Amino acid sequence: MSACSEQEYLANYQANRYPTPLLTVDMAIFSIKESQLQVLLIQRSNFPAKGQWALPGGFVDLTQDADLLASAKRKLIEKTGIKTPYLEQVASVGNAKRDPRDWSVTVVYFALIDFNAIASQLSATEQSQWVPVHEALQHELAFDHRHLLTLASERLRSRTRYTALPISLMPPLFTLTELQQIYEIILGQSLEKKSFRRRMLDAGVVDETDQSKIAGKRPAQLYRYALADYAFQFPRILEYPRSNNDAQSL
């Protein structure tokens with residue numbers, strides 16, 4: 001048996017000798033609309049699952065995508081016209097049943113997008129619709145996309161409890177009450193006002209400005225995000241207020 005160098009081995013390697021799965025990326029694009037956490041769905045225009053609602057996504061292009069993140073950003077622009085600087089990988093899901101065409105693997109991402117900032121930019125190649133997440137999870141989405149949406153929404157809620165990521169949904173200037181409302185919408189849980197304000201101010205993630213706005217009967221202080229990106233992690237996970245039942249059980 002003659003020996004060969006690694007260079008010679010790779011030059012003669014034939015990847016098509018081995019079966020390969022279909023490889024796609026899918027994205028759960030979240031936003032706050034009408035005081036609800038909503039997800040962008042696309043109605044599929046081609047078989048399989050033609051006419052069904054699905055998360056935006058598509059096949060990885062081996063010739064032009066440098067990596068999986070590049071695939072996700074490219075498909076997002078192709079499907080919706082939206083360009084976002086932030087996509088977070090959630091999970092990889094693969095099996096022989098999720099796509100009727102063949103053994104399939106998909107890499108799932110999620111993003112948070114300010115609805116007011118992108119509503120006029122949305123230019124989907126397929127019909128699109130913003131749907132409250134709790135409603136989307138009650139529908140039969142294409143392929144296994146209901147499962148993928150469950151994974152993405154659970155990751156988002158988990159990240160909301162210990163990062164500043166939800167602030168990416170805010171306009172440049174905002175009140176702490178408005179910010180707390182965004183956290184509460186994502187979490188589906190009320191938060192204690194003093195504790196939330198202390199958390200934001202003590203961590204230095206927001207800066208007080210010299211501006212205010214009328215909120216109710218009195219002016220409310222306006223703040224801006226103080227850090228370079230939204231990857232900041234708080235020292236402690238966000239705790240939920242104790243219920244009356246919890247207090248009585250102590």
Side-chain angles (χ1 to χ4, degrees), residues 22-93 99 101 104-137 139 141-146 148-153 155-156 159 165-172 174 182 185-186 225 229-231:
L22 302 176
L23 180 58
T24 60
V25 291
D26 289 299
M27 290 150 286
I29 309 302
F30 296 112
S31 192
I32 302 296
K33 179 188 177 190
E34 299 171 352
S35 298
Q36 296 184 88
L37 179 64
Q38 305 209 18
V39 63
L40 183 66
L41 298 180
I42 300 292
Q43 189 172 36
R44 287 182 55 80
S45 58
N46 297 309
F47 294 111
K50 183 177 181 179
Q52 293 187 36
W53 291 95
L55 300 175
F59 287 105
V60 171
D61 189 325
L62 301 182
T63 63
Q64 64 173 308
D65 296 336
D67 52 31
L68 287 168
L69 182 58
S71 295
K73 290 183 175 181
R74 176 179 58 80
K75 294 308 299 184
L76 182 61
I77 294 174
E78 288 180 3
K79 295 283 187 175
T80 68
I82 295 173
K83 181 182 294 186
T84 176
Y86 183 86
L87 281 168
E88 179 174 317
Q89 189 176 133
V90 175
S92 298
V93 179
D99 191 319
R101 290 169 290 191
S104 172
V105 175
T106 192
V107 182
V108 190
Y109 288 82
F110 86 80
L112 282 178
I113 295 178
D114 181 358
F115 180 80
N116 293 322
I118 58 88
S120 61
Q121 301 176 23
L122 188 62
S123 57
T125 56
E126 297 167 285
Q127 184 177 348
S128 62
Q129 184 176 347
W130 289 97
V131 180
V133 170
H134 70 276
E135 292 184 13
L137 289 172
H139 292 298
L141 302 180
F143 309 110
D144 59 350
H145 285 199
R146 185 164 63 175
L148 304 186
L149 177 56
T150 297
L151 294 176
S153 58
R155 171 67 66 84
L156 171 59
R159 293 275 283 157
L165 187 58
I167 306 180
S168 65
L169 291 170
M170 303 305 297
F174 50 86
I182 293 295
I185 289 170
I186 295 174
Y225 189 57
D229 57 51
Y230 299 101

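We're numbering straight along the sequence, starting at 1. Everything numeric here is computed off the predicted structure, so don't read it as measured data.
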Rounded at 0.5 Å granularity, tell me how far [atom1] in [X] sits from [atom2] in [Y].
{"X": "I182", "Y": "L165", "atom1": "CD1", "atom2": "CG", "value": "12.0 Å"}
{"X": "M27", "Y": "F110", "atom1": "CE", "atom2": "CZ", "value": "14.0 Å"}
{"X": "K79", "Y": "L40", "atom1": "NZ", "atom2": "CG", "value": "11.5 Å"}
{"X": "L156", "Y": "I186", "atom1": "CG", "atom2": "CD1", "value": "5.0 Å"}
{"X": "S168", "Y": "D229", "atom1": "OG", "atom2": "CG", "value": "11.0 Å"}

| Which residue pairs satisfy the side chain to side chain donor-acceptor pair (under 3.5 Å) criterion with at least one member in residues 58-72, sequence neighbours excluded? |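 Found D61-T63, D61-Q64, D65-S71, D65-R74.
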| task | Not counting sequence neighbours, list each pair that qualifies as a side chain to side chain donor-acceptor pair (under 3.5 Å) and has a residue in residues 49-58. | result | none
| What pairs with I185 under side chain to side chain contact (heavy atoms under 4.5 Å, CB included), at least two apart in sequence or on another chain? | I32, S35, L37
| task | Could I get the full list of side chain to side chain contact (heavy atoms under 4.5 Å, CB included) partners for T24, not counting sequence neighbours? | result | D26, F59, R98, T106
Can a donor-acceptor pair be found, under 3.5 Å and without considering hydrogens, that links the side chain of [X] to the backbone of [Y]?
{"X": "Q38", "Y": "K33", "answer": "yes"}
{"X": "S153", "Y": "T150", "answer": "yes"}
{"X": "H145", "Y": "A54", "answer": "no"}

| Can you name the ring pair (Phe, Tyr, Trp, His ring centres under 6.0 Å) partners of Y225, sequence neighbours left out? |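 Testing Y225 for ring pair (Phe, Tyr, Trp, His ring centres under 6.0 Å), a comparison that skips the adjacent residues, returns Y230.
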| said: F30: which residues meet the ring pair (Phe, Tyr, Trp, His ring centres under 6.0 Å) condition with it, sequence neighbours left out? | reply: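 With sequence neighbours excluded, F30 shows a ring pair (Phe, Tyr, Trp, His ring centres under 6.0 Å) to no residue whatsoever.
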